Amino acid sequence: MIHIKKKRKKFLNSNTDSSLQTDLDTANLPSHVAIIMDGNGRWAKRRLLNRIQGHEKGAEAVRTIVECCREMGISILTLYAFSTENWQRPKIEVAALMTLLAKFLESEQKNMLDNNIRLNAIGQIERLPEHVRRVLHETMTLTKNNNGMLLNLALSYGGRAEIVRMVRDVAIKAKEGGIDPDSITYDVVSDHLYTKGMPDPDLLIRTSGEMRISNFLLCQIAYTEIFVTDTLWPDFNREEFLRILQHYQHRERRFGRTG
Ligand code: FPP
């Protein structure tokens with residue numbers, strides 16, 4: 001514990017932006033950060049590159065932000081890496097994203113072990129190609145005892161599909177007598193979501209300026225603080241992430257109550 005605190009301090013001091021160094025309150029950081037990583041395609045287009053090159057650059061930004069969250073002591077990072085709707089993209093792009101994901105997991109296994117990061121996946125994992133499922137399960141198994149940070153990858157994830165799955169599971173249990181319909185509370189609902197046992201995100205970041213939720217964590221973001229930045233995901237970096245944390249710390253979270 002003390003060791004992590006020291007590391008965190010060193011990290012903040014190494015930042016060039018002095019206001020970030022002095023203003024960030026390490027005791028008031030979000031426990032759970034969720035990110036809609038958008039803008040890889042536009043980033044590539046602006047540079048006359050193909051979309052896949054944009055995703056490759058996006059994977060580098062993933063590494064940077066995972067590392068930053070770990071250093072800051074953030075407990076959970078949930079990244080929207082592939083949505084249920086993304087299956088409708090051209091086959092070549094879907095295949096490239098799957099290959100990129102598998103390569104990312106392979107290359108990050110050691111890093112995750114060294115940095116005490118546990119990998120988890122949320123979404124319709126069964127729809128992923130076999131080679132991705134294999135490395136995903138391998139990485140989850142390898143890192144299952146790590147407790148420094150949870151990296152949640154949303155893969156073939158959709159909030160509506162998650163709700164349908166939850167309703168179906170609860171309905172089956174009710175039909176079989178395992179659940180009394182009158183005793184269904186939000187806790188029961190929450191226990192049947194992919195994020196079972198995890199606190200809801202405190203902070204949701206969306207890159208590339210679009211003002212929408214895009215079917216991400218529909219139940220879980222009821223009281224999440226939302227930040228949208230115009231920065232395209234491949235350009236998203238530590239400094240901007242720290243600035244958003246700073247803004248987050250100035251938000252008053254009322255959860256529907258008065259101030
Ligand atoms: C959205 O940008 C991004 C995605 C659909 C995929 C996200 C994937 C990565 C960030 C890289 C790989 C991920 C990991 C975890 C290694 P877009 O293609 O919709 O961009 P556009 O809106 O500008 O076209």
Side-chain angles (χ1 to χ4, degrees), residues 33-70 74 76-112 115 117-125 127-129 131-140 143 149-159 161 194 204-217 228-238 240-241:
V33 175
I35 307 183
I36 302 175
M37 309 182 288
D38 194 16
N40 295 349
R42 275 162 285 171
W43 183 93
K45 198 174 174 190
R46 282 180 197 174
R47 286 160 181 79
L48 304 178
L49 301 170
N50 63 50
R51 297 180 55 80
I52 292 158
Q53 288 167 301
H55 295 313
E56 283 167 359
K57 191 72 184 169
E60 287 177 31
V62 170
R63 280 189 189 92
T64 304
I65 299 307
V66 169
E67 187 186 309
C68 186
C69 284
R70 175 67 188 106
I74 285 165
I76 307 177
L77 173 64
T78 300
L79 299 176
Y80 205 4
F82 194 87
S83 72
T84 44
E85 289 70 32
N86 287 156
W87 290 114
Q88 289 156 35
R89 292 191 175 202
K91 267 194 177 128
I92 188 164
E93 184 174 343
V94 171
L97 274 168
M98 293 299 146
T99 303
L100 187 59
L101 183 65
K103 274 191 189 159
F104 171 85
L105 291 172
E106 266 160 23
S107 67
E108 288 305 300
Q109 282 179 351
K110 185 175 179 311
N111 234 340
M112 289 186 210
N115 290 293
I117 296 171
R118 178 162 75 88
L119 181 82
N120 183 51
I122 59 171
Q124 304 162 333
I125 305 310
R127 287 183 75 182
L128 300 173
H131 73 105
V132 177
R133 271 184 283 139
R134 200 178 336 115
V135 65
L136 193 59
H137 282 127
E138 185 183 278
T139 314
M140 290 196 295
T143 61
M149 183 177 104
L150 175 65
L151 173 59
N152 246 342
L153 291 185
L155 297 170
S156 188
Y157 173 88
Y194 289 119
L204 170 68
I205 299 170
R206 178 170 190 142
T207 58
S208 94
E210 312 287 356
M211 296 289 183
R212 32 174 197 268
I213 296 301
S214 299
N215 204 13
F216 192 38
L217 302 175
V228 176
T229 168
D230 285 337
T231 303
L232 303 177
W233 175 253
D235 289 329
F236 193 71
N237 59 22
R238 282 168 175 266
E240 184 161 17
F241 183 63

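Computed from a predicted structure; not experimentally measured. For ligands, and for the atoms within them, numbers begin at 1 and follow the listed sequence.
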(request) Check ligand 1 against Gly41 and write out every atom of the ligand that is under 4.0 Å from a heavy-atom position of the residue. (result) 17 (P), 18 (O), 20 (O), 21 (P), 23 (O), 24 (O)
(request) Under 4.0 Å from a heavy atom of Phe104: give me the atoms of ligand 1 that qualify, with their elements. (result) 16 (C)
(request) Please confirm whether the backbone N or O of Ile52 pairs with a side-chain atom of Asn50, one donor and one acceptor, at under 3.5 Å? (result) yes
(message) Return the CE to CE distance between Met112 and Met149, rounded to the nearest 0.5 Å.
(response) 8.5 Å
(request) Please indicate whether any nitrogen or oxygen in Trp43 is less than 3.5 Å from any nitrogen or oxygen in ligand 1. (result) no
(request) Would you indicate which of Arg42, Glu108, Glu85, Arg89 comes nearest to atom 19 (O) of ligand 1 when only heavy atoms are counted? (result) Arg89
(message) Test side-chain hydrogen bond (donor to acceptor under 3.5 Å, both in side chains) on Trp233 and Ser208; report intermediate values, then the result.
(response) CA-CA 7 Å; Trp233 175 253; Ser208 94; over 6 Å; no
(request) Say whether Ser208 and ligand 1 are in contact under the criterion: heavy-atom distance to a ligand atom below 4.0 Å. (result) no
(request) Look at atom 12 (C) of ligand 1 and say which protein heavy atom is nearest, naming residue and atom and giving the distance to 0.1 Å. (result) Leu100 CD2, 3.9 Å
(request) Work out which heavy atom in Leu150 is nearest to a heavy atom in Asn120; give both atom names and the distance. (result) CD1-CB, 3.7 Å
(request) First locate atom CZ of Arg89, then atom CZ of Arg51, and finally report the distance between them rounded to the nearest 0.5 Å. (result) 5.0 Å
(message) Between ligand 1 and Tyr80, is the shortest N or O to N or O distance under 3.5 Å?
(response) no
(message) Which residue and atom name correspond to the protein heavy atom nearest atom 9 (C) of ligand 1, and how close is it?
(response) Asn40 ND2, 3.5 Å
(message) If we ignore hydrogens and angles and just use 3.5 Å, is the side chain of Arg206 paired with the main-chain N or O of Arg212 as donor and acceptor?
(response) yes
(message) Measuring from atom 11 (C) of ligand 1, which candidate in Arg46, His55, Met37, Arg51 has the nearest non-hydrogen atom?
(response) His55
(request) Could you list which atoms of ligand 1 come closer than 4.0 Å to a heavy atom of Trp233? (result) 10 (C)
(request) May I ask you to list the atoms of ligand 1 that are less than 4.0 angstrom from any heavy atom of Ala81? (result) 6 (C), 7 (C), 8 (C)
(request) Could you tell me which non-hydrogen atom of Phe82 sits nearest to which non-hydrogen atom of Val94, and how far apart they are? (result) CZ-CG1, 4.0 Å
(message) For the backbone of Asp38 and the side chain of Thr207, can you confirm whether one donor and one acceptor N or O come within less than 3.5 Å of each other?
(response) yes
(message) Please compare Leu155, Ile52, Leu79, Asn86 and report which has the shortest non-hydrogen distance to atom 5 (C) of ligand 1.
(response) Asn86
